[in-house]
Amino acid sequence: MATGSFFVLGAGLLLCLLIAGVESIGLCYGINGNGLPAPKDVVGLYQSHHFGAMRMYFPDQGTLQALRGTNIGVIIDVDDSNIAALASSADAAKGWVNANIIPFPDVAIRYIAVGNELISGNLAQFVLPAMQNIQNALNAANLQNKIKVSTSVSTGVLGVSYPPSAGAFTDDARKYLQPIAGFLAGTGAPLLANIYPYFSYIGHPENIPIEYALFTSAGPVVTDGNLRYQNLFDAILDCFYSALEKVGAGGVRVVVSESGWPSDGGQAASPQNAQTYVQNLIGHAMTGTPKRPGGIETYIFAVFDEDRKTPRGTENHYGLFHPNMQPKYNLNVF
């Protein structure tokens, strides 16, 4: 749902961020691109545009150094290549925490994400044991109330997604996510979910109006009992809440660990659509969903385009900024 009118202003114009209520908005910082600025300059970019949080996909020491004392909230991912070792060894988990968390008491680390979209892949069996071992290492360091341990999942874990109240995990995902959800409920941690209405739209353009995907529908598109859905983002997020309820974890909060829209490289990928989606997502994150009103902690993918990702396509074109740190398009945060 759009929170105000705005003009689509062309690429390269000034990004103007007016700060009211944007503490819940973060940006994902991927580095798989050429000519990207140094971490200290990236952190300066966050500060100058008042983005309050960062997701980093591995514990890069240079970035962590640059984040010291900034109060920028951080999600740190565990490298997928480390997860099996962390699952099998409490000492390995303690070593990971000692190397990547303990030295940075002045970095506002919020979450450790044990795996990105590993449920239900071939590493899924290792996710919960690795989470438990890292949690135990945090407990030993008396950091359990400061930093929460979670994992990030894709919408592929949803077997039923319509209507939102019927949302449920696939049978395969549920065997992993039910105990993970129990762990999250016990520690007070959120589930991290990557939510991309773009992929839902291009997968079913004959059934999903693009306005519903871009937050620009004039009125409700889906009615689910007494709840009315005017955008697809809300419908997907509420599917996750329904699925969590069905595995006995209705109190677990969902943090949107990735969401965005590509500006090139595929169907409906354009600077105008990317600006429209991101602008409206920023405004909408302050209001919540029909099922769960309130702010939605959301991380926009991504700061920069990543031109080294393969195969080439839309994955290369999610950035809000060019490598010279000039914005692709104008945004306002209300």
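Computed from a prediction, not measured in an experiment: that's the story for all the values here.
Taking 4.5 Å as the limit, some side-chain heavy atom of Glu206 sits within range of a side-chain heavy atom of His204. Residues Trp261 and Leu281 are not in side-chain contact: their nearest non-hydrogen atoms beyond the backbone lie 4.5 Å or more apart. Residues Val278 and Tyr329 meet the side-chain proximity criterion, which asks for heavy atoms closer than 4.5 Å. Using a 4.5 Å heavy-atom threshold, the side chains of Tyr29 and Pro39 count as touching.
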- Task: Could you go through the side-chain contact (heavy atoms from CB on, under 4.5 Å) check for Leu331 and Leu320 one step at a time?
- Result: CA-CA 9 Å; Leu331 291 174; Leu320 273 64; 3.7 Å; yes

- Message: Could you go through Tyr241 and Leu237, starting from their C-alpha distance and side-chain angles, then the distance that decides it, and tell me whether this counts as side-chain contact (heavy atoms from CB on, under 4.5 Å)?
- Response: CA-CA 7 Å; Tyr241 278 119; Leu237 182 49; 4.1 Å; yes

- Message: With side-chain contact (heavy atoms from CB on, under 4.5 Å) as the criterion, how do Ile76 and Ile101 come out once you've worked through the C-alpha distance, each side chain's angles and the decisive distance to 0.1 Å?
- Response: CA-CA 9 Å; Ile76 299 180; Ile101 304 298; 4.1 Å; yes

- Task: Before giving the answer on side-chain contact (heavy atoms from CB on, under 4.5 Å), spell out for Leu158 and Phe240 the whole-Å C-alpha distance, their side-chain angles and the decisive distance to 0.1 Å.
- Result: CA-CA 8 Å; Leu158 294 171; Phe240 273 104; 3.9 Å; yes

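From Cys28, atom SG reaches atom CE of Met54 across 10.0 Å, with rounding to the nearest 0.5 Å. Here the OG1 atom belonging to Thr187 is positioned 7.0 Å from the CE atom belonging to Met131, to the nearest 0.5 angstrom. Considering CG of Leu86 and OG of Ser88, their distance stands at 8.0 Å, rounded to 0.5 Å. In this structure, Lys246 NZ and Ser165 OG are separated by 6.5 Å, a value rounded to the nearest 0.5 Å. Summarising the geometry, atom OH belonging to Tyr201 is positioned 5.5 Å from atom CD belonging to Gln267; distances are rounded to the nearest 0.5 Å.
Listed by chain and residue number, Glu211, Tyr212, Val221, Gln230 satisfy the side-chain contact (heavy atoms from CB on, under 4.5 Å) test with Ser217 (two or more places apart in sequence, or in another chain). Listed by chain and number, the residues in a side-chain hydrogen bond (donor to acceptor under 3.5 Å, both in side chains) with Glu117 are Asn194 (sequence neighbours excluded). Listed by chain and residue number, Ile102, Leu143 satisfy the side-chain contact (heavy atoms from CB on, under 4.5 Å) test with Ala141 (two or more places apart in sequence, or in another chain).
Side chains of Gln132 and Asn136: a donor-acceptor N/O pair is absent below 3.5 angstrom, by distance only. Side-chain contact annotation: Thr287 with His284, donor-acceptor N/O pair under 3.5 Å present.
Applying the ring pair (Phe, Tyr, Trp, His ring centres under 6.0 Å) definition to pairs two or more places apart or across chains, none involves residues 55-103.
Summarising the local packing, NZ of Lys146 is surrounded by more than 12 heavy atoms from other residues, nucleotides or ligands at distances under 6.0 Å. Asn98 CG: more than 12 foreign heavy atoms inside a 6.0 Å radius. More than 12 heavy-atom neighbours from other residues, nucleotides or ligands sit within 6.0 angstrom of NZ on Lys291.
A salt bridge is defined here as a Lys NZ or Arg NE, NH1 or NH2 lying under 4.0 Å from an Asp or Glu carboxylate O, and Arg292 with Asp238 fails to meet this definition. Salt-bridge formation is not detected for the pair Lys94/Asp91: no Lys NZ or Arg NE/NH1/NH2 atom is positioned less than 4.0 Å from an Asp or Glu carboxylate oxygen.
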Which donor-acceptor pairs under 3.5 Å do side chains of residues 303-312 form with protein atoms, sequence neighbours excluded?
residue: Asp305; atom: OD1; partner: Tyr318; partner atom: N; Å: 3.3
residue: Asp305; atom: OD1; partner: Gly319; partner atom: N; Å: 2.7
residue: Asp305; atom: OD1; partner: Lys328; partner atom: NZ; Å: 2.8
residue: Asp305; atom: OD2; partner: Lys328; partner atom: NZ; Å: 3.1
residue: Glu306; atom: OE1; partner: Ile31; partner atom: N; Å: 3.3
residue: Glu306; atom: OE1; partner: Asn32; partner atom: N; Å: 2.9
residue: Glu306; atom: OE2; partner: Lys309; partner atom: NZ; Å: 3.4
residue: Asp307; atom: OD1; partner: Asn34; partner atom: N; Å: 2.8
residue: Asp307; atom: OD1; partner: Asn34; partner atom: ND2; Å: 3.3
residue: Asp307; atom: OD2; partner: Asn34; partner atom: ND2; Å: 3.4
residue: Arg308; atom: NE; partner: Asn32; partner atom: OD1; Å: 3.4
residue: Arg308; atom: NH1; partner: Gly33; partner atom: O; Å: 2.7
residue: Arg308; atom: NH2; partner: Ile31; partner atom: O; Å: 3.4
residue: Lys309; atom: NZ; partner: Glu315; partner atom: OE1; Å: 3.1
residue: Arg312; atom: NH1; partner: Asp307; partner atom: O; Å: 2.6

Side-chain atoms of residues 121-128: list all donor-acceptor pairs with protein atoms under 3.5 Å, sequence neighbours left out, distances to 0.1 Å.
none

